[in-house]
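Note sheet for the following structure.
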Number of protein chains: 2
Amino acid sequence: MDDQLPPATVSSRRYGVLIQKLRQAGLRPTRQRLALASLLFERGNQHVCAEALYDQAQRAGIRVSVATVYNTLNQFTAAGLLREVVAVPGRFYFDSNLSDHHHFFFEVTGTLEDIPSDRMVLAHLPEPPAGTAVARVDIVVRVQPVKPSPV
Amino acid sequence: MDDQLPPATVSSRRYGVLIQKLRQAGLRPTRQRLALASLLFERGNQHVCAEALYDQAQRAGIRVSVATVYNTLNQFTAAGLLREVVAVPGRFYFDSNLSDHHHFFFEVTGTLEDIPSDRMVLAHLPEPPAGTAVARVDIVVRVQPVKPSPV
DNA sequence: GTGATTGCAAATCTTTTGCACTAAA
DNA sequence: TTTAGTGCAAAAGATTTGCAATCAC
């Protein structure tokens, strides 16, 4: 339960890398931002929505409000530390993996999994409409559990 | 302004095809459903969200409530008359084009445009994770206006 | 100390729902 | 007549915002 940062720890060694990261992004390394950044960037690729991250934070004993989780996710995204994934209508997902890649979306669980870009190749990208340029290509492969084979 | 259906018109010739379509889908051809179906299915491929369709209906002089627009879009989708497009977080889009295809998404206007499937080929679809099967692949090509070339 | 950040609660936005009324069959 | 469908307004779910209190520098 005391997984929480005592004030003195904010500028400690433990968070050195994250502090740099936030500073470089122009964000003040506050206790909440560091704790959330730790959940997002120190555990491999993460796909989260605000609610899920808030829950993780609660479980980790981090005292942070829902509003701050939302604000932080948006600030991190604006700063280029996260990117948005559009997988479900009605919900904002964020991805800590900034490399070029796509996603499996598990329809039953609502979770995402990365597909490295070299495992998914577009043979034929159409010309964008006149006056426009391609900003990004998002591919979502929706998967479902296979139904048990009939006996 | 009197674009609206008088009760007698509901079973008229004008809506014959749509009436069939709704009946086959197991939906009673009511005045509101027919009017919305007309907007959706008699003007080529449409990409709409509830609000946009409601606005179109208003402009066409159709008396329909927002709740009915939402319900109708969901019923049409459940009946296989529409499909959902996931393009933006926080909003439900529907597509009257049921054929296999993908989308351009115009980031500034928030509008969609079809990409016929033969103009967009996946060279390499990765194996789905064990125990799952691919239900659908959604590709969204996000485009932006090209910035005017420097003089 | 000063300005940025946080937390809370209220506000907003989109979508869904309950229920009395209306219309289709 | 009988049941499905509609409209309204209230509810619900997700996200944003205003403002006083708190924290980083």
Side-chain angles (χ1 to χ4, degrees), chain A residues 4-12 15-16 18-20 22-23 25-37 48-55 57-58 62-79 82 84-94 110, chain B residues 4-12 15-16 18-20 22-23 25-37 48-55 57-58 62-79 82 84-94 110:
Chain A
Q4 231 166 287
L5 313 177
T9 314
V10 168
S11 43
S12 79
Y15 284 96
L18 291 178
I19 290 173
Q20 286 314 310
L22 294 186
R23 284 241 168 77
L27 297 169
R28 208 182 260 193
T30 65
R31 217 175 306 168
Q32 290 83 344
R33 284 180 184 157
L34 283 169
L36 295 175
V48 298
C49 59
E51 196 190 8
L53 183 59
Y54 178 73
D55 289 348
Q58 295 289 292
I62 298 162
R63 259 177 65 277
V64 66
S65 69
V66 182
T68 296
V69 171
Y70 276 100
N71 290 335
T72 301
L73 284 171
N74 288 331
Q75 290 155 355
F76 283 8
T77 303
L82 288 176
E84 209 174 78
V85 190
V86 182
V88 225
R91 201 155 206 137
F92 291 68
Y93 277 82
F94 300 87
Chain B
Q4 230 167 286
L5 312 178
T9 314
V10 168
S11 44
S12 79
Y15 284 96
L18 291 179
I19 290 174
Q20 285 315 309
L22 294 186
R23 284 242 168 77
L27 296 169
R28 212 184 258 194
T30 66
R31 218 174 304 167
Q32 290 84 342
R33 283 179 184 159
L34 283 169
L36 294 176
V48 298
C49 58
E51 196 189 8
L53 184 59
Y54 178 74
D55 288 349
Q58 294 291 291
I62 299 162
R63 258 178 65 278
V64 66
S65 69
V66 182
T68 297
V69 171
Y70 276 101
N71 289 336
T72 301
L73 284 171
N74 288 331
Q75 289 155 356
F76 282 9
T77 303
L82 290 176
E84 210 174 80
V85 189
V86 181
V88 226
R91 199 156 210 136
F92 291 69
Y93 277 83
F94 299 87

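Heavy-atom basis, side chains included; hydrogens, waters and symmetry copies ignored. Quick note on labels: first sequence line is chain A, next is B, and so on, each numbered from 1. Quantities reported herein were computed from a predicted structural model and do not represent experimental measurements.
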Heavy atoms, side chains only, cut-off 4.5 Å: are A/L27 and A/F76 in contact? yes
Answer yes or no: does a side-chain N or O of B/R23 lie under 4.0 Å from OP1 or OP2 of C/dA24? no
Taking side chain as C-beta onward, heavy atoms only, is A/T72 less than 4.5 Å from A/Q32? no
Check whether any side-chain heavy atom of A/R63 sits under 4.5 Å from a side-chain heavy atom of A/R31, and report yes or no. no
Using atom CG of A/L34 as one end and atom C1' of D/dA24 as the other, report the distance to the nearest whole Å. 11 Å
Could you run down nucleotides 5-15 of chain C 5' to 3' and tag each one B, S or - for protein heavy-atom contact under 4.0 Å? SSBB-----SB
Where is the tightest heavy-atom contact between B/P89 and A/V86, given as atom of each residue plus distance? CD-CG2, 3.9 Å
Can you measure B/Y54 atom OH to D/dT6 atom P for me and round it to whole angstrom units? 15 Å
Indicate yes or no: at least one non-hydrogen side-chain atom of A/Y54 is less than 4.5 angstrom from one of A/V48. no
